[in-house]
Amino acid sequence: MATDPSFVEYVAEQSGLGDRLTTRKMFGEYALYLGGKVVGFACDNSVFIKPLQATEHLTQPLPKRPPYPGAKLYPVADEWLDDTERFQQLLLATEAAAPLPKPKTGKKKVA
């Protein structure tokens, strides 16, 4: 089941981060970005937070499940969506702990 765009808008609104939180549609679902870093995903109308060792103390009480078949377990932050301060703290901590994205390399032409 693909995520509803209205759900992604709700997640962005509940984050309290304004334009800092951006989204990108991917395969019917959405990646959530802060500072150019992926901090989570919106899949099947649920919010999956990127699992990082540095934020494990924050995500420990959250249920965990895979966002898509074959994926590892991700903390699911749905129950924190109505607590903007807590949800925002989690997103900002994930941004701080996440590595910078790898630079994109130019595509090589095949002769």
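Residues Arg24 and Tyr33 are in side-chain contact: their nearest non-hydrogen atoms beyond the backbone lie under 4.5 Å apart. Using a 4.5 Å heavy-atom threshold, the side chains of Leu91 and Leu17 count as touching.
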Working for side-chain hydrogen bond (donor to acceptor under 3.5 Å, both in side chains), residues Gln88 and Ser15: CA-CA 5 Å; Gln88 184 181 84; Ser15 76; over 6 Å; no
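Note that the CD1 atom of Ile49 and the OG1 atom of Thr59 stand 9.0 Å from one another [nearest 0.5 Å].
Cluster note: Tyr30 groups with Val8 through ILVMFWY side-chain heavy atoms spaced under 4.5 Å, whether in direct contact or through intervening members.
Judged as a side chain to side chain contact (heavy atoms under 4.5 Å, CB included), and not counting sequence neighbours, the contacts of Ala71 are Pro66, Pro67, Tyr68. Contacts of Ala93 classified as side chain to side chain contact (heavy atoms under 4.5 Å, CB included), with partners at least two apart in sequence or in another chain: Thr55, Leu58. For Arg20, the salt bridge (charged side-chain N to carboxylate O under 4.0 Å, His left out) partners at least two apart in sequence or on another chain are Glu95. Shown here are the side chain to side chain contact (heavy atoms under 4.5 Å, CB included) partners of Ala54, two or more places apart in sequence or in another chain: Ala97. In terms of the side chain to side chain contact (heavy atoms under 4.5 Å, CB included) criterion, Asp19 has no residue partners (sequence neighbours excluded).
Exactly one residue among Leu92, Leu81, Asp82 makes a side-chain contact (heavy atoms from CB on, under 4.5 Å) with Phe87. That residue is Leu81.
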Please table the atom pairs, donor to acceptor, closer than 3.5 Å between any side-chain atom in residues 72-80 and protein atoms at least two apart or in another chain.
from, atom 1, to, atom 2, distance (Å)
Asp78, OD1, Val47, N, 2.7
Asp78, OD2, Ser46, OG, 2.7

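Residue pairs meeting the salt bridge (Lys or Arg N to Asp or Glu O under 4.0 Å) criterion with at least one partner in residues 59-70, sequence neighbours excluded, are absent.
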